[in-house]
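Below is one structure, written out as structure tokens; comments come after it.
Here the structure is a predicted model, which means the values were calculated and not measured. In the text below, chain A, chain B and the rest are named by the order of the sequence lines, each starting its count at 1.
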Number of protein chains: 2
Amino acid sequence: MAKNDHSYDILKLDNQVCFPLYACSKELVRQYTPYLKELNLTYTQYIVMMVLWERETVSSRELAECLHLDYGTLTPVLKRLDQAGYLTRERAENDERQLTLTLTETGRELKDKAKAIPEAIAKCMGLTMEEFGVLYTLTYKALKNMEEKQ
Amino acid sequence: MAKNDHSYDILKLDNQVCFPLYACSKELVRQYTPYLKELNLTYTQYIVMMVLWERETVSSRELAECLHLDYGTLTPVLKRLDQAGYLTRERAENDERQLTLTLTETGRELKDKAKAIPEAIAKCMGLTMEEFGVLYTLTYKALKNMEEKQ
DNA sequence: GCTAATACAATTGTGCGCAAGTAAATTGTG
DNA sequence: CACAATTTACTTGCGCACAATTGTATTAGC
């Protein structure tokens, strides 16, 4: 193969968009960790709590959908949050299949402690307000396009 | 608490930049999966192979650094790639601590099969060339800023 | 040259993350 | 009504991902 064969350049790590996205996502979770440790939460548990802080109660199915998580992941996460006393898990009255999650008082108290986190993380990332907006738009656009494919 | 208290809005899932980034990253890995399955690779194994396809040989330490992975993750991944016959693991001559990874012929053969993947994934994401460029720049910028914090 | 400090890698433990398979409740169809 | 299809959730198995700990080789300080 000739030295100036560039047909494999698309396989170079530096030419991938997916890699920095993947690495950035992991690094973000790592940055959250020390803050969340004070709340006794992991990142995944945190995003579950965010939904509950906003809605007080939600079905397991809706949660799985809006967080893009499947039950294999969600079930043990919800059990741990239940065990920690941050939420309750009950079957829906009208449909025994459905699981209804409800925020507890202990869970609600975390909300105040969590208030400072988003700004701290934003500072870590060091992007301008405009850049944050662009990043938000592009990731949501890609996400939407990809979920349409399946 | 008054209904028009917006001080918690920063905790709404829809107002987070981190969440779509996290969800998008996971969705991306999911999109790769069927393509990589044909090469008998996971996404993490794939990015290891990308480095080897470009460099033929690399030390474990360099790999960990450029992929932003620690040894707890990397060690078992490398063992599996070794077992699959895609690379060899040898101690460096001059320093018994260091692990040197070398691409095998079998590993090199995968490169051709992998060639079509980046374009297929790009199509899934459905962004324009310009948008890909912006996404690349912003994620690398955030990544660089965050790793400076630690 | 001996010991302390450092660097590199492996191991252990915990928690995602998802595919595949299973089970139970509900809904749809004849 | 009976029974097939669907929905919802759980379980199992495997592979990351990382913090914390341990082990070994090299280098630095004296």
Side-chain angles (χ1 to χ4, degrees), chain A residues 19 22-37 39-49 58-65 67-84 89-101 146-147 150, chain B residues 19 22-37 39-49 58-65 67-84 89-101 146-147 150:
Chain A
F19 174 68
Y22 157 84
C24 192
S25 167
K26 281 192 310 167
E27 185 58 44
L28 254 175
V29 172
R30 223 173 298 149
Q31 296 287 336
Y32 270 105
T33 303
Y35 297 102
L36 293 178
K37 202 166 189 178
L39 310 192
N40 189 33
L41 291 175
T42 64
Y43 181 73
T44 310
Q45 291 165 11
Y46 172 63
I47 60 177
V48 170
M49 293 308 292
V58 67
S59 79
S60 183
R61 197 195 59 73
E62 288 174 294
L63 197 60
E65 192 179 335
L67 297 183
H68 298 260
L69 290 171
D70 82 3
Y71 292 111
T73 303
L74 210 47
T75 299
V77 168
L78 294 176
K79 281 185 184 171
R80 285 184 200 106
L81 288 173
D82 185 359
Q83 205 145 24
R89 295 152 68 240
E90 290 166 315
R91 295 290 152 186
E93 299 159 13
N94 54 333
D95 189 337
E96 276 292 315
R97 290 171 305 182
Q98 290 183 39
L99 194 63
T100 303
L101 311 167
M146 284 190 287
E147 67 192 8
Q150 209 59 267
Chain B
F19 174 68
Y22 157 85
C24 192
S25 167
K26 282 191 309 169
E27 185 59 43
L28 253 175
V29 172
R30 222 175 299 149
Q31 296 289 335
Y32 270 105
T33 303
Y35 297 102
L36 293 178
K37 203 165 188 178
L39 309 193
N40 189 33
L41 291 175
T42 64
Y43 181 73
T44 310
Q45 290 165 12
Y46 173 63
I47 58 176
V48 169
M49 293 307 293
V58 68
S59 79
S60 184
R61 198 195 57 74
E62 288 173 293
L63 196 61
E65 190 179 335
L67 297 183
H68 298 260
L69 290 171
D70 83 347
Y71 292 112
T73 303
L74 211 47
T75 299
V77 168
L78 295 175
K79 280 184 183 171
R80 284 184 200 106
L81 288 173
D82 185 358
Q83 204 145 26
R89 296 153 68 240
E90 290 167 314
R91 296 290 154 184
E93 299 159 13
N94 54 334
D95 189 338
E96 276 292 317
R97 291 171 304 183
Q98 289 184 41
L99 195 62
T100 303
L101 311 167
M146 285 190 286
E147 65 192 11
Q150 210 59 267

At less than 4.0 Å, is any side-chain N or O atom of [X] found next to OP1 or OP2 of [N]? Yes or no.
{"X": "A:Y71", "N": "D:dT12", "value": "no"}
{"X": "A:S60", "N": "D:dT8", "value": "no"}
{"X": "B:T42", "N": "D:dC16", "value": "yes"}

By side chain to side chain contact (heavy atoms under 4.5 Å, CB included) - contacts of [X] (at least two apart):
{"X": "B:T42", "answer": "B:T44, B:Q45"}
{"X": "A:S60", "answer": "A:Y71, A:L74, A:L78, A:L99"}
{"X": "A:Y43", "answer": "A:V29, A:Y32, A:L36, A:Y46, A:I47, B:C18, B:F19, B:Y22"}

Rounded to the Å, how far apart are [X] [atom1] and [N] [atom2]?
{"X": "B:R30", "N": "D:dG15", "atom1": "CZ", "atom2": "P", "value": "19 Å"}
{"X": "B:Q45", "N": "D:dC14", "atom1": "CD", "atom2": "P", "value": "14 Å"}
{"X": "A:L69", "N": "D:dA9", "atom1": "CG", "atom2": "P", "value": "14 Å"}
{"X": "B:I47", "N": "D:dA17", "atom1": "CD1", "atom2": "C1'", "value": "12 Å"}
{"X": "A:L36", "N": "D:dA19", "atom1": "CG", "atom2": "C1'", "value": "15 Å"}
{"X": "A:K79", "N": "D:dT12", "atom1": "NZ", "atom2": "C1'", "value": "12 Å"}
{"X": "A:E90", "N": "D:dA9", "atom1": "CD", "atom2": "C1'", "value": "16 Å"}
{"X": "A:L78", "N": "D:dT11", "atom1": "CG", "atom2": "C1'", "value": "15 Å"}

Residue list, side chain to side chain donor-acceptor pair (under 3.5 Å) with [X], at least two apart or on another chain:
{"X": "B:S59", "answer": "B:E62"}
{"X": "B:Q83", "answer": "none"}
{"X": "B:R97", "answer": "B:D95"}

Holding to salt bridge (Lys or Arg N to Asp or Glu O under 4.0 Å), I want the full list of residues that pass it with [X], two or more places apart in sequence or in another chain.
{"X": "B:R80", "result": "none"}
{"X": "B:E65", "result": "B:R61"}
{"X": "A:R89", "result": "A:D82"}

If you look at every strand shown and take non-hydrogen atoms under 4.0 Å, does [X] touch a base, only sugar-phosphate, or nothing?
{"X": "B:L74", "value": "nothing"}
{"X": "B:V77", "value": "sugar-phosphate"}
{"X": "A:T73", "value": "base"}

*On DNA chain D, check which nucleotide each of A:T33 and A:T75 is closest to and give me the residue with the more 5' one.*
A:T75
*asked:* Using heavy-atom distances to pick each residue's nearest nucleotide on DNA chain D, tell me which of A:R61 and A:K37 is more 5'.
replied: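 With A:K37 and A:R61 compared, the 5'-side residue is A:R61.
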_Counting only heavy atoms and a strict 4.0 angstrom limit, can you tell me which residues of residues 91-101 of chain A come near DNA chain D?_
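Within this stretch, A:R91, A:R97, A:Q98, A:L99 sit under 4.0 Å of the strand.
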*Between the side chain of A:K26 and the main-chain N/O of B:L69, is any donor-acceptor distance below 3.5 Å?*
no
*Given Watson-Crick or G-U pairs with both distances under 3.5 Å, what dot-bracket string fits DNA chain D, with | for other-strand pairs and [ ] for crossing?*
||||||||||||||||||||||||||||||
*If you take all heavy atoms of A:H68 and B:R30, which pair is closest and at what distance?*
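Closest approach of A:H68 to B:R30, heavy atoms only: O-NH2, 3.8 Å.
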*Nucleotide interval of DNA chain C bounded by contacts with chain B (heavy-atom cut-off, under 4.0 Å)*: C:dA7 to C:dA20
*Kindly indicate whether the side chain of B:R91, heavy atoms from C-beta on, has any atom under 4.5 Å from the side chain of B:T100.*
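A side-chain contact under 4.5 Å is absent here.
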